[in-house]
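Every heavy atom of this structure was used, including side-chain atoms; hydrogens, water molecules and symmetry mates were not. Lettering of chains follows the sequences in order, A, B, ..., and the numbering in each one begins at 1.
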There are 2 protein chains.
Amino acid sequence: MTRPADPSPRPRTSLSRDRVLRAALALADRDGIESLSMRKLAEELGTKVMSLYYYVANKDDVLGGILELVIGEIELPPENPDWKAALRRSAISAHEALLRHRWALGVMMSPSRVGPARLRYMDSLLRCLREAGFSAYAAHRAYHALEGHITGFTLWQASLPIRKADVPNLVANFLERISVDKYPYIVEHMQVHLALLGQEGEGDFEFGLDLILDGLERIRVLEQPSG
Amino acid sequence: MTRPADPSPRPRTSLSRDRVLRAALALADRDGIESLSMRKLAEELGTKVMSLYYYVANKDDVLGGILELVIGEIELPPENPDWKAALRRSAISAHEALLRHRWALGVMMSPSRVGPARLRYMDSLLRCLREAGFSAYAAHRAYHALEGHITGFTLWQASLPIRKADVPNLVANFLERISVDKYPYIVEHMQVHLALLGQEGEGDFEFGLDLILDGLERIRVLEQPSG
DNA sequence: TTGACAATCGTACAGTGTACGAGTACTGTG
DNA sequence: CACAGTACTCGTACACTGTACGATTGTCAA
């Protein structure tokens, strides 16, 4: 970046923090976060391990960095008078981003990994609620309820097999393993899963989301009966 | 060390799968899951590493085992005509168990770690819903909404500092680090957190839980207008 | 030319999970 | 009693991890 010209002895596209993080993101998406190692990352970038440490403090820094990239993909709630629609849209966007990068939830759990992208996201959600008329206290609770549903539901979904085509076989194996008469309701639950498999979006996430949003609307109205 | 005081056909052995898992659970609670290693576990038990592998297939088996122990701590919904109260109680119990063992959520995220304790827990929740009059389909959605809130909310709570006494300082540090005018709503949010710190149980978990339960009740009534 | 700085990387070390097989202790059977 | 078989323990080794430290090179300003 300090060299604008590109004379002949210019080495291959040099390293940068951004390139390192982007490669790490791609590697985590491809091979899973648990197999993301500094050595593999270096190899992917065509360099050696210790070169990475010039741009990155340590592996934790890498993890925090790629988490920021993921959160940056989330669509922030627009400046919309319809707070419910705005929050709904942003929540679904977050859900999709977390599903695209299933490892992100695990990374998020390590404490105090709060970068600017995450701050911006949090702040925009809170702003949306406050401008919708929620008190600071109610916005606090609403925020946690929403965030809880997004991460919690996605976590369950993310810990299931990825490819839809694999699901029937896995469910069948599962049903064979467990004793059907011991867990009848699980069997039924699995059958519903199988039946829903045909649909495009099964809408389970939106179901819980709307449960919360509708509940919040009722709270909000109670708080501000005059409008 | 091995005293044949036990006259039963099996001689008393110092190690056992249960002892291994229980030690692992204690170690994870004490030092955090990321510092739980097979070597430390062996040392804690007064043996050598490879001896563990007689009782345990691999480390993944250990993780699955201690997760089962945690889930076993959850109070199952009682056979109660009041399904809402029953589910509420069980959900709170799950929340508490997961807070007692904050690493458990991370362990749960690895796919297909489903043992008998988890099956029993799932089945009892589903049974409670079905007996409350929910259709198989509605129970399916309700189950995921509930489970999502439990894990999601707890995940957020668990990724925060543990000791309540530490919170004010951490929040203060945090507020210093971020630019106050850039994220005004986060600042406000933190202030609510600080203000709520005095209360015994702040009830945020129950707030979202009741949002869902009330919403479910409305769904259920719609499904069964006659009963 | 000299000195400063940015960037790359070789080596080394402590730590991890676990495969393999040797060793030991105790069992039931002759 | 002896002996074979099983249940259990563990030493060694290997591949792999993150990263501390310092040497090395390339580029620039003075």
Side-chain angles (χ1 to χ4, degrees), chain A residues 1-25 27-28 30-67 103 106-107 110 113, chain B residues 1-25 27-28 30-67 103 106-107 110 113:
Chain A
M1 56 187 70
T2 53
R3 292 280 68 238
D6 23 2
S8 40
R10 198 104 298 266
R12 67 186 101 67
T13 56
S14 75
L15 245 41
S16 73
R17 179 169 225 270
D18 191 69
R19 247 169 65 76
V20 170
L21 292 183
R22 245 158 244 291
L25 177 72
L27 227 103
R30 176 151 57 81
D31 302 339
I33 191 79
E34 70 285 343
S35 87
L36 164 62
S37 78
M38 298 300 277
R39 280 177 237 264
K40 284 181 194 162
L41 182 52
E43 199 176 5
E44 195 77 11
L45 285 162
T47 57
K48 303 305 158 62
V49 202
M50 292 316 292
S51 304
L52 304 177
Y53 283 87
Y54 186 77
Y55 300 97
V56 141
N58 45 38
K59 189 179 182 182
D60 222 59
D61 191 20
V62 174
L63 295 179
I66 61 178
L67 178 62
W103 44 266
V107 174
S110 300
R113 240 199 271 280
Chain B
M1 156 210 327
T2 49
R3 289 275 72 232
D6 197 335
S8 62
R10 285 291 193 72
R12 186 188 183 296
T13 52
S14 63
L15 242 43
S16 73
R17 183 179 166 91
D18 190 69
R19 244 170 68 77
V20 169
L21 292 184
R22 246 158 244 291
L25 177 70
L27 226 99
R30 177 151 56 82
D31 301 340
I33 193 79
E34 70 286 344
S35 86
L36 165 62
S37 79
M38 298 299 277
R39 282 177 235 263
K40 283 182 195 161
L41 183 51
E43 197 175 5
E44 194 77 13
L45 286 161
T47 56
K48 303 303 158 64
V49 200
M50 293 315 292
S51 303
L52 304 177
Y53 284 86
Y54 186 79
Y55 301 96
V56 142
N58 44 41
K59 190 180 181 181
D60 220 60
D61 191 20
V62 174
L63 295 179
I66 60 179
L67 178 62
W103 44 266
V107 174
S110 300
R113 241 199 270 281

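- Whole-Å rounding puts the Y54(B) OH to dG11(D) C1' distance at 19 Å.
- When rounded to the nearest whole Å, the span between CD1 of I33(A) and P of dT17(D) equals 14 Å.
- The side chain to side chain contact (heavy atoms under 4.5 Å, CB included) test applied to R17(B) returns L21(B), Y55(B), V56(B), D61(B), not counting sequence neighbours.
- Counting heavy atoms from C-beta on, the side chains of L25(B) and W103(B) come closer than 4.5 Å.
- Between E43(A) atom CD and dC9(C) atom P there is a gap of 13 Å when expressed in whole angstrom units.
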Protein-nucleotides 18-20 of chain C N/O pairs closer than 3.5 Å?
from, atom 1, to, atom 2, distance (Å)
dT18(C), OP2, Y53(B), OH, 2.9
dT18(C), OP2, K59(B), N, 2.7

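- No donor-acceptor pair closer than 3.5 Å links the side chain of S51(B) to the backbone N or O of T47(B).
- OP1 or OP2 of dT17(D) sits under 4.0 Å from a side-chain N or O of S37(A).
- In this structure, CG of L15(A) is placed 12 Å from C1' of dC9(C), rounded to the nearest angstrom.
- In this structure, R39(A) contributes its side chain and V49(A) its backbone to no donor-acceptor pair below 3.5 Å.
- Rounded to an integer number of Å, the gap from NZ of K48(A) to P of dG18(D) is 17 Å.
- Of the side-chain N and O atoms in Y55(B), none sit less than 4.0 angstrom from OP1 or OP2 of dA7(D).
- Considering all non-hydrogen atoms of both residues, A24(A) and L36(A) come closest at O-CD2, 4.2 Å.
- Atom CG of L45(A) and atom P of dT8(C) are 11 Å apart (whole Å).
- Separating the CG atom of D61(B) from the P atom of dG17(C) is a distance of 14 Å, rounded to the nearest angstrom.
- Counting only distance, with no hydrogens or angles, the side chain of K40(A) and the backbone of S35(A) share a donor-acceptor pair below 3.5 Å.
- The closest side-chain heavy-atom distance from L52(A) to V62(A) is not below 4.5 Å.
- When heavy atoms are screened at a 4.0 angstrom cut-off, S51(A) is found touching base atoms of the nucleic acid.
- In this structure, L52(A) places its CG atom 14 Å from C1' of dG10(C), rounding to the nearest Å.
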